[in-house]
Amino acid sequence: MATIMNGKELAKKIRENLKKDCEELKKQGIHPKLAVIMVGNNAASKVYVKSKSKACDEIGIEYEEYFLEETICQEELNQLIKSLNNKREVNGILLQSPLPKHLDINRAFKTISYRKDVDGFTPSSVGKLVMGGDTFISCTPYGVMKMFEEYHIDLTGKEVVIIGRSNIVGKPLAQCCLANNATVTICHSRTKDLKEHTKRADIVIAAIGKAKFVTKDMLKEGVVIIDVGINRNEEGKIVGDVDFENVEKIASYITPVPGGVGPMTIAMLMNNVIKAAKEQNKEDSIF
Ligand code: NAD
């Protein structure tokens, strides 16, 4: 039976430490603040935004929300981002994805100041991640790395297979694993023989968005499984990309859904907001 990697517990511990950091900052007159922009009425986005505001409240981070009409144009969105870039009291800017189809998310991300890029999505942050500089690491990959650290899973020399090549999960995760000396393979929808890759992997990270996609027969005994996926099954229950019940029997470590990577993503967002507030108030800031 696998060890269940408890992201919920670890995230709680991280949030408790951040709360103390936040109190310290406030004693110095620094009040960390996150601004969240959401465009349109996406139901899932609303849930994510709500859990982010709840985490801010718990830690003592100030929070501003901007709910924009579905019909807003790119210029208006970019103007709002620019005004938040210039607002001294705002330390972090988060643009909730997805955006309506007529808006270009990359253009919007490019507008966010890298000093306030707490999601780690701007070209500047991504470039620094690739080159190995200190930067904001996007929250889901950062959360996964923290889980490896907590469970003493050393990536050095390990075969890591990541399924999914998105800009927000798959690609930055690959960079993080590489930085930790893993041999990394990124698989995606055009990969010819997925099983051939996953079968030899020491660690498989699933970020696909398809329930029960990763099955026991695709994996070797003792594999470490990180399930990033968030899906709803036929009964409306939240499930991951991995067939947990069966895979758990052969894995050495496995993350559950819910209670695995999800809470870690939010904890690392909070971590990045506190980091932003600290850096923006340092004389010798690297940002
Ligand atoms: P995405 O849709 O941008 O990317 C999905 C990836 O899966 C693509 O790169 C695609 O090539 C790959 N894929 C699709 N079908 C495949 C197939 N048959 N074989 C191999 N690869 C295939 O999604 P995303 O934004 O990266 O998110 C992935 C999942 O992770 C979603 O379920 C999302 O909800 C979830 N997610 C969770 C968190 C969290 O905090 N836990 C954060 C972000 C995303």
Side-chain angles (χ1 to χ4, degrees), residues 5-8 10-12 14-15 36 38 42-52 54-55 94-99 101 104-106 109 118-121 126 136-148 160-177 184-199 201 204-215 217-219 225-233 236-244 254-272:
M5 298 168 83
N6 192 336
K8 196 172 167 188
L10 176 56
K12 188 169 165 235
I14 292 172
R15 291 197 309 273
V36 173
M38 191 181 139
N42 184 297
S45 293
K46 276 190 185 165
V47 175
Y48 295 140
V49 165
K50 199 165 170 209
S51 45
K52 287 165 190 173
K54 201 172 141 212
L94 183 149
L95 174 62
Q96 184 65 45
S97 66
L99 292 183
K101 286 212 163 30
D104 179 345
I105 199 154
N106 287 332
F109 282 149
V118 287
D119 247 343
F121 292 159
V126 175
F136 292 113
I137 302 172
S138 54
C139 308
T140 302
Y142 199 3
V144 171
M145 290 302 123
K146 282 281 166 199
M147 289 181 99
F148 286 138
V160 175
V161 169
I162 298 170
I163 319 174
R165 58 171 163 184
S166 72
N167 287 341
I168 64 166
V169 187
K171 286 185 205 164
L173 251 173
Q175 290 302 332
C176 291
C177 293
V184 184
T185 305
I186 307 180
C187 296
H188 47 80
S189 52
R190 305 283 180 93
T191 297
K192 277 201 179 121
D193 187 351
L194 181 62
K195 190 170 165 182
E196 187 215 330
H197 296 285
T198 53
K199 196 82 192 171
V204 171
I205 307 178
I208 309 147
K210 290 185 179 167
K212 291 197 178 180
F213 184 89
V214 178
T215 49
D217 62 302
M218 294 167 69
L219 304 164
I225 292 281
I226 306 291
D227 191 351
V228 177
I230 301 177
N231 313 288
R232 282 203 188 267
N233 68 8
K237 261 180 66 184
I238 301 264
V239 295
D241 288 344
V242 176
D243 177 11
F244 184 90
I254 189 165
T255 63
V257 179
V261 178
M264 288 301 295
T265 297
I266 295 181
M268 299 329 289
L269 170 68
M270 299 298 117
N271 177 82
N272 283 352

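Atoms within each ligand, like the ligands themselves, are counted from 1 in listed order.
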Contact check, side chains of [X] and [Y], non-hydrogen atoms, under 4.5 Å:
| X | Y | answer |
| --- | --- | --- |
| Cys139 | Asp119 | yes |
| Ile168 | Phe121 | yes |
| Lys212 | Asn233 | no |
| Thr140 | Leu173 | no |
| Ile137 | Met268 | no |
| Phe244 | Ile254 | yes |

Taking only heavy atoms of [X] into account, list the atoms of ligand 1 that are under 4.0 Å away from them.
| X | value |
| --- | --- |
| Val169 | 26 (O), 43 (C), 44 (C) |
| Ile168 | 25 (O) |
| Phe213 | 17 (C), 18 (N), 19 (N) |
| Lys210 | 15 (N), 18 (N) |
| His188 | 11 (O), 19 (N), 20 (C), 21 (N), 22 (C) |
| Ile163 | 20 (C), 21 (N) |
| Gly262 | 40 (O), 41 (N) |

Side-chain donor-acceptor pairs under 3.5 Å in residues 236-243, sequence neighbours left out?
from: Asp241; atom 1: OD1; to: Gly209; atom 2: N; distance (Å): 3.1
from: Asp241; atom 1: OD1; to: Lys210; atom 2: N; distance (Å): 2.9
from: Asp241; atom 1: OD1; to: Asn231; atom 2: ND2; distance (Å): 2.9
from: Asp241; atom 1: OD2; to: Ile208; atom 2: N; distance (Å): 2.7
from: Asp241; atom 1: OD2; to: Gly209; atom 2: N; distance (Å): 3.0
from: Asp243; atom 1: OD2; to: Asn246; atom 2: ND2; distance (Å): 2.9

Practice task
Mark the output for Thr191 as yes if a heavy-atom distance to ligand 1 is under 4.0 Å, and as no if none is.
Solution key: no

Problem - Non-hydrogen atom of Met264 closer than 4.0 Å to ligand 1 - result: no

Exercise for the section: Could you tell me whether some N/O pair between Cys187 and ligand 1 is separated by less than 3.5 angstrom? Expected result: no

Practice task
Flag Thr265 as yes when one of its N or O atoms lies below 3.5 Å from any N or O atom of ligand 1, and as no otherwise.
Solution key: yes

Of all the non-hydrogen atoms in the protein, which one sits nearest to [atom], and at what distance?
| atom | answer |
| --- | --- |
| atom 10 (C) of ligand 1 | Ser189 N, 4.0 Å |
| atom 9 (O) of ligand 1 | Arg165 N, 2.8 Å |
| atom 34 (O) of ligand 1 | Ile230 O, 3.6 Å |
| atom 42 (C) of ligand 1 | Thr140 OG1, 3.2 Å |
| atom 29 (C) of ligand 1 | Gly209 N, 3.7 Å |

Exercise for the section: List the steps, then state whether side-chain contact (heavy atoms from CB on, under 4.5 Å) holds for Leu10 with Met5. Expected result: CA-CA 9 Å; Leu10 176 56; Met5 298 168 83; over 6 Å; no

Given [options], which one has a non-hydrogen atom that is nearest to [atom]?
| atom | options | result |
| --- | --- | --- |
| atom 7 (O) of ligand 1 | Ile162, Ile208, Val257, Leu173 | Ile208 |
| atom 41 (N) of ligand 1 | Leu269, Asp241, Val228 | Val228 |
| atom 3 (O) of ligand 1 | Gly7, Cys139, Ser166 | Ser166 |

Handout entry: Distance (rounded to the nearest 0.5 Å) between Ser45 OG and Lys52 NZ
Key = 8.0 Å

Exercise for the section: Would you sort out whether Ile230 and Tyr48 count as a side-chain contact (heavy atoms from CB on, under 4.5 Å), showing the intermediate values? Expected result: CA-CA 12 Å; Ile230 301 177; Tyr48 295 140; 3.7 Å; yes

Practice task
Determine yes or no for a side-chain-to-main-chain donor-acceptor pair under 3.5 angstrom, with Ser166 supplying the side chain and Val169 the backbone.
Solution key: yes

Practice task
Show your working on side-chain contact (heavy atoms from CB on, under 4.5 Å) between Lys50 and Val47 and close with a plain yes or no.
Solution key: CA-CA 5 Å; Lys50 199 165 170 209; Val47 175; 5.7 Å; no

